[in-house]
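Working notes, beginning with the structure itself.
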Amino acid sequence: MTTSTLRLGDVRVMLADSRAHIRATLKTALTHAGLENVDQTGNLDSIAESLDQGLGPDLLICDMEMKNGEACELVQAIRQNEIGKNPFLCILGVTWNPTEPEVQKVIDAGVDLLVAAPMSPKQILNRVEALVHARIPFAVTSDYVGPDRRSEFDQREQTIPLMEVPNTLRNKALGTWNQAQMEREIKRATFEIKVSRVERQADDIVQIIEMIYNQTNNAASSMARLQLDRLYVLVTDLDRRAAQQGFGHISELLEACV
């Protein structure tokens with residue numbers, strides 16, 4: 001199936017850019033590409049509000065330089081299921097400044113794809129087609145949830161299994177949309193990711209403790225300090241997650257560790 005046969009009229013799009021004239025231009029391009037159901041906003045709060053409406057939009061196209069990098073924090077919150085009801089929302093990041101540090105920051109946030117602006121309707125269609133037919137599976141580590149970036153992880157994380165996540169964009173574009181079924185799939189996949197993050201964080205905690213324990217000379221003290229800081233972040237985050245998921249016995253151990 002090509003983009004010409006995709007049912008893009010049923011796809012909900014949220015277009016976010018702080019500049020009104022840019023939003024108008026991009027919306028025109030989206031309409032020409034067949035994506036007619038487009039909401040637009042110039043602030044991040046409106047994105048968060050839209051994500052709480054049902055399952056939210058199927059595709060978020062967001063200028064990643066909004067509000068001094070807070071767009072990256074928003075994407076991370078979506079992926080970690082802290083905002084909205086669908087952490088698997090397809091996200092297309094847009095940058096007008098594709099420097100290496102900016103690209104790396106956006107990728108690390110968990111976007112599906114990154115495109116340099118300005119972009120043509122053909123570029124938009126190509127990326128929509130990729131998200132429908134060849135979306136990158138998700139990887140879950142102690143501090144990352146999103147499309148697989150194993151080449152940027154350490155060797156230990158190369159063994160982490162990948163997840164094919166629910167994709168509302170795909171289902172609508174292919175005409176197989178069933179909201180009740182999709183809600184069940186999102187709930188199941190979200191639980192699997194929560195369990196995987198607990199496992200990954202537990203593995204990291206054990207590894208860091210072993211590294212600290214084995215550092216016995218003064219030259220390693222500064223490194224141990226950094227590792228202790230990292231350990232504190234992992235333990236407190238895992239404590240919060242364990243408490244939220246009803247693992248009281250684990251939470252008690254983590255509180256003692258803190």
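What you see is a predicted model; the values in this text were computed from it and never measured.
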**OP:** Kindly indicate, with the supporting measurements, whether the criterion side chain to side chain donor-acceptor pair (under 3.5 Å) is fulfilled by Gln181 and Glu185.
**Re:** CA-CA 6 Å; Gln181 180 179 347; Glu185 291 180 5; 3.1 Å; yes
Do the side chains of [Y] and [X] get nearer than 4.5 Å, heavy atoms only?
X: Met14; Y: Thr41; value: yes
X: Val111; Y: Leu92; value: no
X: Met182; Y: Thr168; value: yes
X: Val13; Y: Pro57; value: no
X: Pro137; Y: Glu164; value: yes
X: Val11; Y: Asn37; value: no
X: Arg230; Y: Asp143; value: yes
X: Cys62; Y: Ile47; value: yes

Please answer: with hydrophobic residues joined when any side-chain heavy atoms are less than 4.5 Å apart, are [X] and [Y] in the same cluster?
X: Val198; Y: Ile208; result: yes
X: Ile91; Y: Met163; result: no
X: Ile212; Y: Val235; result: yes
X: Leu174; Y: Trp177; result: no
X: Val140; Y: Leu238; result: no

Look up atom [atom1] in [X] and atom [atom2] in [Y], then write down how far apart they are to the nearest 0.5 Å.
X: Ile61; Y: Leu59; atom1: CD1; atom2: CG; value: 4.5 Å
X: Asp17; Y: Asn43; atom1: CG; atom2: CG; value: 11.5 Å
X: Asn167; Y: Asp58; atom1: CG; atom2: CG; value: 8.5 Å
X: Asp239; Y: Glu255; atom1: CG; atom2: CD; value: 5.0 Å
X: Cys257; Y: Ile209; atom1: SG; atom2: CD1; value: 5.5 Å
X: Asp10; Y: Leu35; atom1: CG; atom2: CG; value: 11.0 Å

Ignoring hydrogens and angles, tell me if any N or O in the side chain of [X] forms a donor-acceptor pair with the backbone of [Y] under 3.5 Å.
X: Arg79; Y: Gly146; value: no
X: Arg127; Y: Gln123; value: yes
X: Thr25; Y: His21; value: yes
X: Asn171; Y: Asn178; value: no
X: Arg170; Y: Val132; value: yes

In terms of side-chain heavy atoms, does [X] have a donor or acceptor partner in [Y] at a distance below 3.5 Å?
X: Glu100; Y: Gln104; value: no
X: Thr190; Y: Asn81; value: no
X: Glu210; Y: Asn214; value: no
X: Gln179; Y: Glu183; value: yes
X: Glu65; Y: Asn97; value: no

Would you name the heavy atoms of [X] and [Y] that are closest together and state the gap between them?
X: Phe88; Y: Arg135; result: O-NH2, 2.8 Å
X: Gly110; Y: Val75; result: C-CG1, 3.9 Å
X: Leu8; Y: Ala173; result: CD2-CB, 4.5 Å
X: Leu15; Y: Arg23; result: CD2-O, 3.5 Å
X: Ala33; Y: Leu125; result: O-CD2, 3.1 Å
X: Asp112; Y: Phe138; result: OD1-CE1, 4.2 Å

**OP:** Kindly indicate, with the supporting measurements, whether the criterion side-chain contact (heavy atoms from CB on, under 4.5 Å) is fulfilled by Val258 and Leu254.
**Re:** CA-CA 6 Å; Val258 172; Leu254 293 167; 5.5 Å; no
Original post:
Hey, mind stepping through Glu102 and Lys105 against salt bridge (charged side-chain N to carboxylate O under 4.0 Å, His left out) and telling me if it holds?
Top reply: CA-CA 5 Å; Glu102 175 68 16; Lys105 181 176 67 174; 3.4 Å; yes
**OP:** Starting from the C-alpha separation in whole Å, work towards a yes-or-no answer on side-chain contact (heavy atoms from CB on, under 4.5 Å) for Leu228 and Tyr232.
**Re:** CA-CA 6 Å; Leu228 282 169; Tyr232 178 80; over 6 Å; no
**OP:** Go through the steps for Arg184 and Lys187 under the test side-chain contact (heavy atoms from CB on, under 4.5 Å), then give the verdict.
**Re:** CA-CA 5 Å; Arg184 290 192 295 268; Lys187 184 176 181 180; 5.7 Å; no
Subject >> NZ or CZ of Arg19 within 45° of Trp96 ring axis and under 6.0 Å >> reply: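 Output yes; distance and angle both within limits.
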Does this structure show an ion pair linking [X] with [Y], if we count only N-O contacts that are shorter than 4.0 Å?
X: Asp204; Y: Arg200; result: no
X: Lys85; Y: Asp52; result: no
X: Asp237; Y: Arg240; result: yes

**OP:** Apply side-chain contact (heavy atoms from CB on, under 4.5 Å) to the pair Ile22 and Asp63, showing each step before the final yes or no.
**Re:** CA-CA 10 Å; Ile22 296 297; Asp63 175 15; over 6 Å; no
